[in-house]
Visitor: 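One structure coming up, written as structure tokens, with questions to follow.
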Amino acid sequence: MPEILIRCPITGRDVHTGIALAADVFLHTEFETHPVACPYCGARHSWSKKDAYMQFPPERTPSASRKEPH
Ligand SMILES: [Zn+2]
């Protein structure tokens, strides 16, 4: 299952949120702000859905909300 990552604003490194969701669940889930303890800079980063991305190959990035008509 793909994991949700955010980017540390201080170090620019990928921070694991510890949350893993299926892509379609991620797309349809409204996230509240989740602070995550950053292992790189030691701060807690608040993130929301727009900051989050999934650990996918680029072609699987679920940013395109288009759906192919059947
Ligand atoms: Zn950080």
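Numbering of ligands and ligand atoms starts at 1, following listing order.
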Visitor: Can you tell me how far CG of L21 sits from NE2 of H28, rounded to the nearest 0.5 angstrom?
Guide: 12.5 Å

Visitor: Transitively linked via ILVMFWY side-chain contacts under 4.5 Å: I10 with I6?
Guide: no

Visitor: L5 pairs by side chain to side chain contact (heavy atoms under 4.5 Å, CB included) with which of R13, H16, M54?
Guide: H16

Visitor: Indicate, with yes or no, if Y53 and V36 share a hydrophobic cluster defined by side-chain heavy-atom contacts under 4.5 Å among Ile, Leu, Val, Met, Phe, Trp and Tyr.
Guide: no

Visitor: Near the Zn ion (ligand 1), which protein N/O/S atoms are found at less than 2.8 Å?
Guide: C8 SG, C38 SG, C41 SG, H45 NE2

Visitor: Is any side-chain heavy atom of P35 less than 4.5 Å from a side-chain heavy atom of H45?
Guide: no

Visitor: Rounded at 0.5 Å granularity, tell me how far OG1 in T17 sits from CG in D14.
Guide: 11.0 Å

